[in-house]
Structures are given as C-alpha cells and as structure tokens.
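Have a look at the structure below before the remarks.
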Amino acid sequence: MQRALITGITGQDGLYLAESLLAKGYEVHGLIRGQSNPKRPLVERLVPEVHLHAGDLTDQSSLMRVMAAVDPHEVYNLGAVSFVAFSWENARVTSDVTGLGVLNMLEAVRLHCGDDPRRVRFYQASSSEMFGNVYEVPQRETTLLRPRSPYAVSKAYGHHMTINYRESYGMHASSGVLFNHESPRRGIEFVTRKVSRAVARISMGRQQTIAMGNLDAQRDWGFAGDYVEAMWLMLQQPEPDDYVVATGETHSVRELLDAAFGHVGITDWQPHVVLDPAFLRPAEVDVLTGDASKARAVLDWKPKVAFGELVAMMVEADLVAEKADSPY
Ligand code: NAP
Ligand code: G4F
C-alpha cells in the first residue's frame with residue numbers, strides 16, 4: 001500500500017488531496033500543528049481514515065520524527081502561511097513557515113532517504129504569486145519571478161530550494177506552480193469565498209454590504225478539486241519537474257462580483273459593495289494568467305470546472321451552510 005504524508009492537512013487543498021489519495025487506495029497521514037488545533041475535529045469528520053501526527057514546519061525535529069513514524073512513499077508539502085495580505089503584517093512568521101519550512105521539510109525527507117535519494121517523492125506547493133509584477137503573459141515554467149509580497153518572496157525561496165535539492169541530491173522533488181484555486185472549503189479571508197459567503201447572506205437579508213479592496217485585480221481562478229489531481233500526477237512521473245497548473249482564463253474581481261451576485265438574481269450589486277482602503281495591498285499583483293500546456297502535454301491534466309460553475313458552486317454551498325446555520 002502506498003503511504004502519503006500531507007503537511008497542511010487542515011487546509012483547503014490538504015482536505016481535497018486526502019480524499020483523493022484515500023479514494024486511490026493510499027494510507028494517508030497528515031501533519032497537524034498546535035496543542036489543540038481548532039480544525040482537528042473538521043479533519044476527523046471529513047476524512048476520519050487519515051492518521052494525524054503532531055508537528056510544525058518550523059520545528060525540524062518534529063518533521064524528522066513524523067518521517068520516521070510514517071516512512072511515506074510520497075510527501076506533499078502544502079503547509080504555509082498562505083494569505084498574501086497577512087504576510088505584510090507577519091513577514092517574519094511567513095518567512096519562517098512558508099519559506100524556511102520548505103527547507104526543513106526537504107532536509108527531513110533527504111535525511112530519511114539515506115543512501116537512496118529517490119526513496120521518497122516530494123511535492124512543493126509553489127504559487128503563481130511568485131510571478132508578481134509579471135515579465136510575460138501568460139506565465140509559464142520558464143517565466144522569471146518578480147515577487148511582490150513577503151508571501152511571494154517566501155514561496156520563491158521554497159521553489160528554488162526544491163529545485164536545488166533535486167539538482168544537488170538527485171531527489172524526486174517536484175514543484176507545482178499553481179494559480180489561484182478555490183472551492184466551498186476556501187478560507188473566508190480569500191476574495192472568492194468572502195464574496196460567495198457575503199452574497200449568500202445578502203440574498204437572505206442577513207447582511208447589507210460587503211467591504212472590498214481592488215476590484216480591478218485579475219486572477220486565473222480554478223477549482224481546488226481539479227488542482228490536487230495535478231499534484232498527484234507530478235509525483236507519478238518517472239522524473240521530477242516543475243509544472244504550471246492553471247485554467248488559462250483570467251477574470252477580474254468585478255467579474256467575480258457579477259457572477260456571484262448574478263447567481264442569486266442581483267444584477268446591480270453596486271449598492272451592496274463598499275470600497276475600503278483597508279483591503280488594498282502595499283504592492284498588488286495586477287493580473288495573472290497561466291499557461292498550463294506542459295501539464296496538459298506531460299501529465300495529461302486539464303481543468304474540469306469553469307469559472308462560472310466554480311462561482312455558482314461556492315455561492316450554492318454558502319446558501320446551504322447559511323440556511324443550516326453552520327458555515328463551513
Ligand atoms: P490553506 O487553506 O491556507 O492551508 C494552509 C495549511 O498550512 C493549513 O493546514 C495550516 O494549518 C498549515 N500551516 C500553517 N502554518 C503551519 C506550520 N507552522 N506548520 C505546519 N502547517 C502549517 O492553503 P491552501 O489553499 O490549502 O493551499 C495549500 C498550499 O498551496 C499552501 O502552501 C499555499 O500557499 C499553496 N498555494 C495555494 C494556492 C491557492 O490558490 N489555494 C495557489 C498556489 C499555492 P492550520 O490550520 O493549523 O493553520
Ligand atoms: O483571494 P486573494 O486574497 O488571493 P491571492 O492574493 O491571489 O492569493 C491566493 O492565490 C495565490 C496564487 O496566486 C496563492 F499562492 C495564495 O496562497 C492565495 O491562495 O486575492 C485575490 C485578489 C487580490 O488581487 C486582492 O487584492 O483579490 C483582490 N481583492 C480585492 N478585494 C481582495 C479583496 N482580496 C481579499 N482577500 N479581500 C478583499 O476584500
């Protein structure tokens with residue numbers, strides 16, 4: 001039986017990946033941090049078969065202990081401080097977890113592998129945010145990085161460190177440069193979920209307005225369930241590599257508002273949206289568009305859920321959750 005270890009098991013992607021690997025017959029292990037993690041009950045309810053192990057990406061010895069206990073065939077490093085806006089407020093913590101945490105995990109894997117550097121296959125959750133103030137459109141694996149936030153700088157460090165460990169030690173270490181991917185499980189701080197939840201509440205009369213930042217920002221938004229399949233496919237390849245994972249389609253935050261409010265029959269959303277400078281960022285990534293043709297050609301991967309379906313799925317899920325008074 002294949003064994004996988006997932007860091008970031010309590011996050012959006014960790015949960016989808018765990019479900020996907022369990023369905024493929026894997027024994028799945030997850031790293032969970034903190035002495036009483038508030039998301040533990042959620043993980044235990046959604047994926048009760050997952051074995052949870054205490055550890056933290058900033059605590060090297062905890063990672064080595066978990067590697068020894070699990071002896072995994074595959075490691076998916078999804079753990080991170082992942083909210084870009086927060087990364088300016090806690091740049092050091094972001095660097096420690098999202099940046100140096102990758103080095104800690106790579107070292108734990110390398111030392112566990114001993115004389116056989118390919119004994120464990122490693123996936124690093126890199127990000128399209130690394131492209132930042134983009135050098136070219138669309139962005140592909142060879143596009144130079146120009147990160148614009150402490151989060152993106154930390155991800156760029158983890159990305160290059162993953163490549164360096166592959167080249168230095170011959171490890172099977174791959175990096176997925178994933179563009180924004182969303183779902184009903186997305187944290188409520190991210191723009192898609194913030195909008196889907198507010199739209200559901202506004203349509204039910206529970207809320208009147210939503211405070212927003214830059215409506216002109218554009219993102220290449222896909223569905224998280226599709227993107228975790230690409231992670232798995234990368235580790236099934238004979239050789240490790242880096243892949244862009246994206247839809248190739250870009251929409252503005254304004255279009256997101258059109259689609260979400262439109263789904264509940266509100267065509268004029270202006271009265272419900274208040275612009276609040278508190279949600280503007282010190283340095284913005286204006287537009288991201290990915291070219292996933294390499295993933296298409298090598299991994300035979302392509303997204304299944306389109307932007308309109310994704311927004312509808314998220315608003316529907318929030319309507320159900322609000323009606324049940326049990327937001328996810
Ligand atoms: P998420 O929902 O924010 O999940 C982040 C996970 O990291 C959580 O499980 C969190 O655990 C864990 N974590 C935070 N600090 C940690 C620490 N010190 N030690 C161990 N684990 C820690 O993120 P996501 O959307 O699932 O994304 C998964 C990964 O892909 C992240 O690395 C993210 O940066 C990257 N990524 C995401 C996207 C996207 O659009 N979603 C795109 C590109 C790359 P707690 O619950 O304990 O906080
Ligand atoms: O949803 P966001 O916070 O996601 P962002 O910054 O693109 O980062 C996400 O995707 C990355 C991949 O490219 C991941 F690596 C990262 O971990 C995370 O998952 O913001 C999207 C856009 C931004 O341009 C932001 O300025 O929406 C704009 N925006 C406008 N008003 C807002 C708001 N974002 C948030 N969160 N809240 C607002 O009120």
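First listed ligand is number 1; within each ligand, the first listed atom is number 1. As a basis for the values below, the full set of heavy atoms in this structure was taken, side chains included, without hydrogen atoms, waters or symmetry mates.
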Check ion pair [X]-[Y] (N to O, under 4.0 angstrom):
X      : Y      : value
Glu322 : Arg201 : yes
Glu239 : Arg166 : no
Arg119 : Asp71  : yes
Asp13  : Arg186 : no

Option among Glu255, Glu129, Glu249 that satisfies the salt bridge (Lys or Arg N to Asp or Glu O under 4.0 Å) test with Arg219: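 That would be Glu129; it is the only one of Glu255, Glu129, Glu249 passing the salt bridge (Lys or Arg N to Asp or Glu O under 4.0 Å) with Arg219.
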The one among Ala125, Ser127, Ala152 that brings a heavy atom closest to atom 15 (F) of ligand 2: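 The residue whose heavy atom sits nearest atom 15 (F) of ligand 2 is Ser127.
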Quick one: which ligand 2 atoms are inside 4.0 Å of a heavy atom on [X]?
X      : answer
Phe83  : 3 (O), 36 (N)
Met212 : 31 (N), 39 (O)
Ser82  : 16 (C), 17 (O), 18 (C)
Ser128 : 12 (C), 13 (O)
Val84  : 6 (O), 8 (O)
Tyr151 : 14 (C), 15 (F), 16 (C), 17 (O)
Ala217 : 24 (O)

Centroid-centroid under 6.0 Å between His181 and Phe223 rings: no
Parallel, tilted or perpendicular: ring planes of Trp301 versus Tyr227, cut at 30 and 60 degrees: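 Perpendicular, since the angle between the ring planes exceeds 60°.
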Just need the protein heavy atom nearest to [atom], so name the residue and atom and give the distance.
atom                    : answer
atom 38 (C) of ligand 2 : Lys194 NZ, 3.7 Å
atom 31 (N) of ligand 2 : Gly213 N, 3.0 Å
atom 2 (P) of ligand 2  : Arg281 NH2, 3.8 Å
atom 26 (O) of ligand 2 : Glu284 OE2, 2.6 Å

Side chain to side chain contact (heavy atoms under 4.5 Å, CB included) partner of Tyr123, chosen from Val75, Leu78, Asn77, Thr162: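 The passing option is Leu78.
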For ligand 2, the portion of [X] having any non-hydrogen atom under 4.0 Å away:
X      : value
Val191 : both
Lys155 : neither
Phe279 : side chain

Partner of Tyr165 by side-chain hydrogen bond (donor to acceptor under 3.5 Å, both in side chains), out of Glu107, Arg110, Gln124: Glu107
side-chain contact (heavy atoms from CB on, under 4.5 Å) between Leu310 and Glu182, worked out: CA-CA 8 Å; Leu310 174 65; Glu182 320 291 317; 4.1 Å; yes
Atom-level proximity to ligand 1, residues with heavy atom under 4.0 Å: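 Its neighbours under 4.0 Å (heavy atoms only) are Gly8, Ile9, Thr10, Gly11, Gln12, Asp13, Arg33, Asn37, Asp56, Leu57, Leu78, Gly79, Ala80, Ser82, Val97, Ala125, Ser126, Ser127, Tyr151, Lys155, Leu178, Phe179, Asn180, His181, Arg186, given by chain and number.
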Sub-4.0 Å heavy-atom contact, Arg186 with ligand 2: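 Judged by the 4.0 Å heavy-atom criterion, Arg186 does count as contacting ligand 2.
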Cation-pi geometry met for Arg193 and Phe190 (6.0 Å, 45°):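 Pair Arg193/Phe190 does not count as cation-pi.
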Row check, Tyr135 ring normal vs Arg146 NZ/CZ: under 6.0 Å, within 45°: yes
Stepwise side-chain contact (heavy atoms from CB on, under 4.5 Å) check, Thr192 with Met314: CA-CA 8 Å; Thr192 52; Met314 292 179 70; 3.5 Å; yes
hydrophobic_cluster_shared for Trp269 and Leu275, side chain cutoff 4.5 Å: yes
Polar atom proximity, Trp221 to ligand 2 (N or O, under 3.5 Å): no
